Amino acid sequence: MTNFNLNPASRLMGAAALLLALTACQSSAPLVAAHRGGTGDGPENTLSTLQASLRNGADLLWMTVQVSRDGEPVLYRPADLAALTDGRGPVNTLDAADLRRLNAGYQFAVADADGSKRFPYRARAVTIPTLREALRTLPPATPLLVDMKQLPAEPLVAAVARVVDEENAWQRVRFYSTEADILALMAKYPKAQLFESRDATRARLARVALNGGPCEAPAPGVWAGIELVRKVQLVEKFTLGQGVSEVNAHWWTPAALACFRSGRDVKVMVFGVDSPEAYREAVQLGVDAVMTDSPAKLRAWTPATR
């Protein structure tokens, strides 16, 4: 949950900015990014699921990367291997060869009509791939969005940059992290393409939504991403206390898009597009890309636009 101080002196953005936002809205369908490779359709961050997402119409592949004990970037998200595999412990406590022996689909469950669960990948194991394998296996024309999820930041950034450089893949990869320190380290590599930090995106959206501005455009060429709908906590301070409200914030508005797109070549991606209603909202807003857990379901929802 996100906490914001509410400024009572909220005001609307100017008519010119609103007109710019309405003009920016696109009638064409946004690009589709497969979250964690398509975590709703198969074992997340595995090559088989990533490839299935491409067959289901994904334009971009979002993958989560950590580094092994021996410095190899691998595709895995949770803090503990027990969350998804038949192993246990943090990723950086095992070498890449040890990680490869684990079943990355061990905990992936499918619900049957009677409510019972099946674990189809326990009988046909899938491996935790390395970033290098993903770069070599996936089509070179497919853009990859790499979410860097591990601390300390230095060994992770250094390992990822080394592999991307050795594979000559800077042009097809864009980096994201919820940790501003990771993005700051990656920004030191001249060829690195980055998302704006989550803190900066959230703060800009909050200023537009709560104060009406001022609109400070992101840096040229970045992508900005955050949830389409986000539960937030508003805190209004009084002389003798404070009032707290919890709301589901639909903070991507025409005015917000106008703010972001006032920056040169800035792209907007919304996360959490996992229902037909959310997809329609994203299309109406005219965002550049949506991120979904299930490209297969999204494809079924949108036969006329995909």
Side-chain angles (χ1 to χ4, degrees), residues 1-4 13 17 20-21 24-26 30-36 59-65 77 143-151 153-154 156-157 160-161 164 169-232 249-273 282 285-292:
M1 181 179 295
T2 306
N3 182 298
F4 296 118
M13 290 189 74
L20 176 62
C25 287
Q26 305 167 345
L31 298 175
V32 172
H35 185 213
R36 302 182 219 159
D59 305 291
L60 314 165
L61 296 175
W62 179 286
M63 55 187 64
T64 316
V65 174
R77 180 181 179 274
L144 306 180
L145 309 175
V146 174
D147 183 7
M148 303 174 72
K149 275 291 185 191
Q150 190 182 47
L151 295 174
E154 291 82 356
L156 174 64
V157 170
V160 169
V164 172
W170 291 105
Q171 289 304 309
R172 64 184 296 210
V173 175
R174 184 171 295 273
F175 299 97
Y176 174 89
S177 182
T178 54
E179 298 292 332
D181 289 348
I182 290 178
L183 289 179
L185 286 174
M186 187 56 76
K188 295 180 179 180
Y189 293 86
K191 296 181 182 179
Q193 301 180 90
L194 305 175
F195 274 79
E196 179 180 58
S197 76
R198 186 177 178 89
D199 290 345
T201 296
R202 183 175 56 237
R204 185 175 291 103
L205 284 167
R207 285 194 295 270
V208 173
L210 302 181
N211 300 337
C215 177
E216 300 173 6
V222 303
W223 284 46
I226 208 164
E227 287 77 9
L228 179 65
V229 181
R230 177 72 171 175
K231 182 174 286 187
V232 300
H250 292 248
W251 48 16
W252 284 114
T253 62
L257 283 173
C259 177
F260 280 79
R261 286 189 170 143
S262 63
R264 180 168 55 84
D265 197 28
V266 172
K267 304 297 184 185
V268 171
M269 171 183 283
V270 293
F271 304 163
V273 178
L285 281 168
V287 300
D288 300 288
V290 298
M291 187 163 70
T292 184

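Remember, predicted model here, so these are calculated numbers, not experimental data. Below, each value reflects all heavy atoms present in this structure, side chains not excepted, and no hydrogens, waters or symmetry copies.
Residues V266 and R261 form no side-chain contact, since every pair of their non-hydrogen atoms from C-beta on lies 4.5 Å or further apart. The closest side-chain heavy-atom distance from T201 to F260 is below 4.5 Å. Within the 4.5 Å cutoff, the side chain of V146 has heavy atoms near those of the M63 side chain. Between L205 and R207 the shortest side-chain heavy-atom distance does not fall below 4.5 Å. Residues Y189 and V160 have side chains not in contact (no heavy-atom distance under 4.5 Å, counting atoms from C-beta outward). T178 places none of its side-chain heavy atoms less than 4.5 Å from the side chain of D147. The side-chain heavy atoms of W252 and V268, taken from C-beta on, include a pair separated by under 4.5 Å. Between L228 and L285, some side-chain heavy-atom pair lies under the 4.5 Å cut-off.
Nearest heavy-atom pair, A33 versus L145, reported as atom, atom and distance to 0.1 Å: CB-CD1, 4.2 Å. Closest non-hydrogen pair, M269 versus L60, comes out as CE-CD1, 3.8 Å. Closest approach of L183 to F175, counting heavy atoms only: CD2-O, 3.8 Å. Taking each heavy atom of A187 and L194 in turn, the nearest pair found is CB-CD1, 3.6 Å. When all heavy atoms are compared, the tightest approach of P30 to V290 is CG-CG1, 3.8 Å. When all heavy atoms of V173 and Q193 are compared, the closest pair comes out as O-NE2, 3.3 Å.
Here CD of E154 is found 9.5 Å from CD1 of I182. Values are rounded to the nearest 0.5 Å. The distance from the CZ atom of F271 to the CE atom of M291 is 4.5 Å, given to the nearest 0.5 Å. Summarising the geometry, atom CG belonging to D199 is positioned 9.0 Å from atom CD belonging to E179; distances are rounded to the nearest 0.5 Å. A distance of 14.0 Å separates CH2 of W223 from CD of E196, quoted to the nearest 0.5 Å. The line from OG of S262 to CD of E216 is 10.0 Å long, rounded to the nearest 0.5 Å.
Side-chain atoms of S177 come within 3.5 Å of backbone atoms of M148 as a donor-acceptor pair (strictly under, hydrogens ignored).
For R198 and E227, the salt-bridge test passes: some basic side-chain N is under 4.0 Å from an acidic carboxylate O.
Ring geometry for F195 against Y176 counts as perpendicular: the plane angle is over 60°, on a 0 to 90° scale with 30° as the lower cut.
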